Amino acid sequence: MFLTFDGLSRGAVYAAFALALVLIWRATRIVNFAQGAMAVATAYAGFEVSAATGSYWLGFAVAIAAGLILGAVTERVVMRFVDHSSPLNGVVVALGLVLVIQGGLGMIFGSEFRPAEAPFSRDAFTVGGVALLSRFDLFVFAAVGIVVVLLALLFTRTHTGLRMRAAAFAPDVSRLLGVNVSGMLTLGWALAAAVGSLAGMLVLPTELGLHPNAMDIVFVSSFTAAVVGGLDSAIGSVLGGLIVGLLLSYVSGYLGATVAPIAVLILLVVVLLGRPGGLFSRSAARTV
Amino acid sequence: MSGKMKIATIVAGVAVVVVLTLVFPPFRTYQLATVGAYLCVTAGLTVLTGLNGQLSLGHGALMATGAYTLALSVNAGWPLTAAFAAALVVTTVIGGVVGLAAARLRGPYLAGLTLAVAVVVPAITSTFDGTFNSDQGLSVALEPPPGTVTVEQWQAWLAWGAALIVLVLLQLLIGGRFGRELKAVRDDETAARLAGVGVARTQVLAFVVSAACAGIGGALFAVLAQSVSPGAFPLSLSLFLVMAIVIGGLGSLAGAAWGAVLLVALPALAHTVTEGIDAQRLEGNLPLALFGVTLIVVMLAAPGGIAALRPFKRSPFKRSPFTKAGLRPLRKRSKA
Amino acid sequence: MTALLRTESLTAGYGAAPVLHEVDLDVNTGSITAVLGANGAGKTTLLRTLSGLLPATHGRVLLDGKDLRGVRVEEMVRRGVAHVPEGRGVVTELTVDENLRLGGLWRKDRADVRKAMTEVYELFEPLARRRKFPGHQLSGGERQLLALGRALVGRPRLLLLDEPSLGLAPKITAQIMTLLGTLRDRSGLTVLLVEQNVRGALAIADEAVVLALGRVVTRGTDIDDEMRHAYLGF
Ligand SMILES: Nc1ncnc2c1ncn2[C@@H]1O[C@H](COP(=O)(O)OP(=O)(O)OP(=O)(O)O)[C@@H](O)[C@H]1O
Ligand SMILES: [Mg+2]
C-alpha cells in the first residue's frame, strides 16, 4: 500500500516532467535533453531564495518564474536557431546546454549535495498501523494535478491554446492566419520549462538534494514515461509517468533502490522495441 | 587522399607520438597516453555518428564495460593481452545487443535509449557489488613494464599501439564498400534499401564496430588509471565524446584525432587557468561549460548543423527561408 | 477603380536563381483576377511572395498604395489579406470547428466572428455536419472548403486563392466560383484566383494574367486561342 502511494507520488512528478518534454516535442520535434539541467538550475535559484528569506513559498515561486524565463531565453537565444534538417542537431545542441548549465552550476555552487527542504512533513500518515502517504505526497498530487488541469484548460479552452496547437502543427498556415508562431514557440518553451521546474522542486526533496547532476536519473525516468505514453500524447505522458513511478517504487521496495534505474532501462527498451508509438497509441507501426 | 596515403599518415602520426614519449616528461607522456585511449573511442564513435548518422550517448557505458572487463580479467590473473581480448569480446557482444535495438530507433529515441544506458552504469555496479564493488570500484594490479621503460611510456605505447590498430582497421573498413554503405544509410535509408544495402545490418554493424573501439578505449583507461570505478564513467563522459567528435569534425578519423586531443587539452587548459586562483569549484566545471558553449556555437554557426560539419561534404539539404527566419518549413504531417 | 494590390517588378525565388521575374500586377478593388499558367509557371510562388511567406529579392508589393516590405506574414490578415495556400491549408490535427475559429482569432469583433462562422457553415453544408471531426478525417474536397471557409471567417478584403478547385467535384467548383462572384458583387471582395480550371476561372474573372516561366506573358479580359495554345496547352 505504502509502495503504491509512494509510486503514485513519484509518478506524478515524472508525469509533470514528461508532460514538459511532450509539450516541447509536439511544438518543435525536439526532445529537450537539457530539461533536467534547466530544472536543477531553477531549483538552485529557488532554494537559494528560500534560504535567504526563510520562506519556502517565495523560493518556490522564484523557481517557477525562473523556469518560465529560462525556457523563454533558451528558445529565443539557442533553440530557435537550431537547424531542423537532421533530428540530431536539436539533441546535440541540448546536450551542449546540459554541459553549460551543469558546468555553470558547479562553478557557482560547487559539486556537493545541498539540502533541498520539503515544505511539508514527509512522514507518512498511518491508518491502522499501515503507513500510507505523507503530507508532502498530498502536496505533490495537488500541485501536479492543478498543473495538468490548467494546461488541459489552456490548450482546449483558450484562444492562446488553440494558437499554440496550430502553431505547432502547421506553422506556415498559422502565420497566414495571424498567429504569432515564434511567440507561441517561446511561450511553449517557457511553460514547459516552468513545469519542469515544478517537477524539480517536487522531486529534489525526495532525493539526495541539490546537485548539478541531480536530475539525470529523473530525466531518464521521465523520458521513459513520455515514451511509454507516446511522445505525441500529453495524456499518455501523464499515464506513463504514473506507470514508471509505480514500477520504480515496487522495484525499489522489493529488490532495492539500486535496481530501479536498471528497471527503467528495461522498460524503455521493451516499449521502444515493442510499441515505439507508446503503449496507448492506436498503431504500433510507426517509424520513430 | 587515397586510402594508402591515409594509412601511411596514421602510421607516421603514431610514430611521431611514440618518439615524443621518449622525450616528454612523465606527466606529458601520460597525457599522450590518455589522448591515445580517447582516440580509440572517438574514432569508433565518429564512424557511428558521423558516417552512419546514429547518435550514441552511451559510449561512456561501453567504455566502462571494457574497463571493468579488463580489470576483472587482470585481477583473475589473466595476461594483459588476454584481458584486452576479453574486453574486446564483451563490449562487442554488448554493442551488438544495443545495436540491435538501436537499428530500430531514430533520432531522439536512440539518443534517449543510449542516455539511459549511460546513466545506468552506477546502478549496475551497485546492484552487483559483489563483482564490481559499488562506487569504490576495482583496482587493477598491473605487472611492471619490461626493462627500463617508465610506467608512463609503457602506458603510452600500449594506448597508441591500440590506437594504431584501431585507426588502420577503421580506415580499411570505411575506405571500402562498407564505408559507402554507412553513408548511404545515413543519407537516405529508403534509397539505400532500394540500392540493395541491408539497412539494419549496416546499422548494427556500425554499432558493433564503434562499441568494440569504445571497449578498447575503456580497457586502456583501466590500464592508465590502474583502477576502475563508476565515477570515472559519468554521463558527462558520454556527452564529452559526442562533443569531441562534433567539434573535431564529424565522420573523419582526423576529426576524431582532433576531438581526442581536445578531450585532454581543454581540461588541462582549464586546470592551468584556475591553478593560480583559489577556485576549486572551477576545476572540472570550467571545461564542462567551455565544451558546452563551444558545442552550441559550432552547431548554430554551421548552416545545416551536423550535416555541414562533415568534411568535404556540404549538406544535401537546402535551407529554406523559414529556417533562416527561425521557423521550420511545413512538416510532412500537416500536408493534406 | 483603384488598385488594391499592385506589384512592381516583383522578383522572388527559392535559391540563387529567381522563379518570378519582374512581375507587374494591378488588382483592382472589387475585382476577380485569374492567374493562369502551366505547372511550374510560378503561380504559387507569386501568391507566397504576395503574402510575405517568401521574401521578394527585388521589386515591391503595394497594398492600398502602401509598401508591404517589412510587414510580417502574421500581420497580413490584419490588413485584410487572406491567403488560402495550395492543397494543404487545413490544420489536420485540429477539428473543423477549431480550424474555422483559427480564421477569426485575430479579430476583436467576436460577435461578428461567430456570425461569420455561422454563415460559413450555412454556405458549406458538408462542414456543418462534421464540426467535431479532426481535419485528417475530411476528404480532399472538404478540406478545400474548410480552408476557404476559414479565410472567409476573417472577412478579408483581398483573397489569395491557390487552386481552390483542386480535388473538388465540378458542381462544387461551380458553386465556389459563383460564391466568389457574389462576394465580389455584394461586399466588394477582391480576389486573386490561381486556377488550372481555366474555363471556370475565366467565367467569373474580370481580368486574367498568364504566367509562363515566372513572367507575365499576357493579360486582359479575353484569352485568345493563340495564347491558350501557347501557354495553357489546350
Ligand atoms: N520550395 C521550393 N524550393 C525550390 N524551388 C521551388 C520550390 N517551390 C517551387 N519551386 C520551383 O519554382 C517554380 C515555380 O513553382 P510554383 O509552385 O510557383 O509553380 P505553380 O505555377 O504554382 O505550379 P502548379 O500549377 O504545379 O502548382 C518551379 O520550377 C518549382 O520547381
Ligand atoms: Mg502551384
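Per chain, numbering begins at 1; letters A, B, ... match sequence-line order. Treat the numbers as computed from the prediction; the structure is a model and nothing was measured.
In this structure, chain B has no heavy atom under 4.5 Å from any part of Ile101(A). At a 4.5 Å heavy-atom cutoff, the contact between Val220(A) and chain B is made by side-chain atoms alone. Proximity to chain A is absent for every atom of Leu110(B), based on heavy atoms less than 4.5 angstrom apart. At a 4.5 Å heavy-atom cutoff, the contact between Leu288(B) and chain A is made by backbone and side-chain atoms alike. In this structure, chain A has heavy atoms under 4.5 Å from both the backbone and the side chain of Val117(B). For a residue to count as touching a neighbouring chain, one of its non-hydrogen atoms must lie under 4.5 Å from one of that chain's; by this rule Ile124(B) touches chain A with backbone and side chain alike. Interface remark: Phe219(A) contributes side-chain atoms only to the contact with chain B (heavy atom separation under 4.5 Å).
Side-chain atoms of Leu99(A) and Leu295(B), non-hydrogen and from C-beta on, never get closer than 4.5 Å to each other. Considering only heavy atoms from C-beta on, Val31(A) stays 4.5 Å or farther from Tyr109(B) through its side chain. Side-chain contact between Asn89(A) and Met299(B) is present, with at least one heavy-atom pair separated by less than 4.5 Å.
Rounding to the nearest 0.5 angstrom, the gap separating the CG atom in Leu55(B) from the CG atom in Leu95(A) is 7.0 Å. Atom CG of Leu239(B) is separated from atom CD of Gln102(A) by 7.5 Å, given to the nearest 0.5 angstrom. The distance from atom CG of Leu272(A) to atom CG of Leu105(B), rounded to the nearest 0.5 Å, is 5.0 Å.
Residues satisfying the side chain to side chain donor-acceptor pair (under 3.5 Å) criterion with Ser56(B), sequence neighbours excluded, are His59(B). Judged as a salt bridge (Lys or Arg N to Asp or Glu O under 4.0 Å), and not counting sequence neighbours, Arg163(A) has no contacts.
Chosen from Ser236(B), Ala289(B), Pro234(B), the residue pairing most often with chain A at heavy-atom distances under 4.5 Å is Ala289(B). Your options are Gly90(A), Gly96(A), Ala94(A), Ser111(A), and the one with the most heavy-atom pairs under 4.5 Å with chain B is Gly96(A). Ranked by heavy-atom pairs under 4.5 Å with chain B, the first of Val78(A), Leu255(A), Val98(A) is Val78(A).
Applying the side chain to side chain donor-acceptor pair (under 3.5 Å) test to every pair with at least one member in residues 253-273 of chain A, sequence neighbours left out, gives these pairs: Thr258(A)-Thr127(B).
Taking each heavy atom of Ala111(B) and Phe33(A) in turn, the nearest pair found is CB-CZ, 3.6 Å. Nearest heavy-atom pair, Val93(A) versus Ile296(B), reported as atom, atom and distance to 0.1 Å: O-CG1, 3.9 Å. Here the closest heavy-atom approach between residue Phe223(A) and residue Gly112(B) is recorded as CE2-CA, 3.4 Å.
Using a 4.5 Å heavy-atom cut-off against chain B, the contacting residues of residues 259-268 of chain A are Val259(A), Pro261(A), Ile262(A), Leu265(A), Leu268(A).
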